[in-house]
Amino acid sequence: MSQRKKFVAGNWKMHTTLAEGRELARAIRAEVENVEGVRIAVIPPFTSVAAVAEVLRGSRIEVGGQDLHWEEKGAFTGEVSAPMLRDAGATVVLVGHSERRQYFGETDESANRKVRAALAAGLSPVLCVGETLDERDAGRTLDVVGRQVRGGLAGLSSAELARVCIAYEPVWAIGTGRTATPEQAQEVHAAVRAILRELGGDVTEAIPILYGGSVKPDNAPALLALSDVDGALVGGASLEASSFSAIVRAAA
Ligand code: PEP
């Protein structure tokens, strides 16, 4: 078992009105208030970041954004910047989620700019990587994930690398109810860990590598027990306080 503190983050995606977001945050706070030794974050849609941060003020639960623009401000209609997320109370931000890559043209280059912008603003970026089913079937998983990790982290100093998180999320497992087997997850996590060491040496030992893709209370214990799995990025199961908190407890 690794020495890294486990990190469980809930990606609410495009769910929750303000009232629903506040209610979910309150319920999660009540359920995980006493769980020690796990870093916890909830990641609501932009409209609810400030309200959820307010509900969670004084707790150990962090709030994050689901994406960001790399510029601080400017004529970029529809975008939100890293300083704006900080200002709203976020400490974490997802970068390069597969839904951004699939539907909104995110590339390794744009992800890299976003990682840098997040770091510059003092946010903890969670760089999401993962292969499609076709890529896995073609035996290209490690190539694809390796390219995404190297591309997303290109040019970072060791000090910057130490502040990054990675989420390995096989695209075929996101929202599908299919989960990577522990062997599949462990293989990719170990490969990512090796790339991180190559990129930044010892400082990268602190980087948590989360697994994401249909993590539920019943499969979380086996995944979180793997030596190179340092936590979970949870989508669907993070929309219910009981299932999200069960996953947090499995990480504790
Ligand atoms: C995600 O959106 O990052 C995710 C892993 O979703 P789900 O848990 O629903 O597969």
Side-chain angles (χ1 to χ4, degrees), residues 6-16 20-21 24 28 32 38-46 48-49 52 61-68 90 92-104 106 111 114-115 118 123-133 135-136 141 144-145 148-149 152 164-182 184-186 188-189 192 208-224 226 229-251:
K6 291 275 195 281
F7 182 13
V8 177
N11 173 14
W12 296 0
K13 309 196 187 195
M14 198 171 73
H15 295 285
T16 68
E20 290 164 349
L24 180 56
I28 289 172
V32 300
V38 185
R39 183 178 177 192
I40 306 165
V42 295
I43 307 181
F46 290 143
S48 298
V49 169
V52 166
I61 307 169
E62 298 177 58
V63 181
Q66 297 176 11
D67 189 24
L68 75 162
V92 173
V93 65
L94 299 181
V95 175
H97 189 278
S98 71
E99 287 151 17
R100 302 300 313 171
R101 294 179 191 261
Q102 249 181 307
Y103 308 129
F104 301 100
E106 185 86 272
K114 292 177 180 188
V115 165
L123 290 167
S124 204
V126 180
L127 175 68
C128 304
V129 298
E131 81 288 359
T132 63
L133 192 55
E135 290 164 341
R136 174 163 284 274
T141 298
V144 169
V145 170
Q148 291 171 334
V149 170
V164 163
C165 311
I166 305 286
Y168 167 56
E169 303 201 293
V171 177
W172 48 271
I174 296 181
T176 60
R178 287 182 65 184
T179 319
T181 63
Q184 288 171 324
Q186 175 58 31
V188 180
H189 281 239
V192 172
I209 307 175
L210 316 186
Y211 170 80
S214 298
V215 177
K216 310 284 177 207
D218 59 345
N219 59 30
L223 289 160
L224 289 164
L226 298 167
V229 174
D230 307 310
L233 181 53
V234 185
S238 72
L239 291 170
E240 274 185 25
S242 58
S243 47
F244 183 66
S245 49
I247 295 167
V248 170
R249 281 193 293 275

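Indexing begins at 1, ligand by ligand and atom by atom, following the structure's order.
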Checklist line | Reported CZ-to-CD distance for the pair R136 and Q184, which is rounded to 0.5 angstrom | finding: 4.5 Å

Next item on the list: Any chance you could measure K114, atom NZ, to L123, atom CG, to the nearest 0.5 Å?
Entry: 13.5 Å

Margin query: Holding to ring-ring contact (aromatic ring centres under 6.0 Å, His included), I want the full list of residues that pass it with Y168, two or more places apart in sequence or in another chain.
Written below: H189

Next item on the list: Below 4.0 Å from any atom of ligand 1, which residues have a heavy atom? Give them in chain and number order, please.
Entry: N11, K13, H97, E169, A173, I174, G175, G212, G213, S214, L233, V234, G235, G236

Notebook entry, point to check: At their closest point, which heavy atom of L68 faces which heavy atom of L94, and how far apart are they?
Noted result: CD2-O, 4.4 Å

Check: Closest heavy-atom contact between V92 and A41?
Finding: CG2-CB, 4.4 Å

Item checked: Y211 side chain near L224 side chain, heavy-atom distance below 4.5 Å -> no

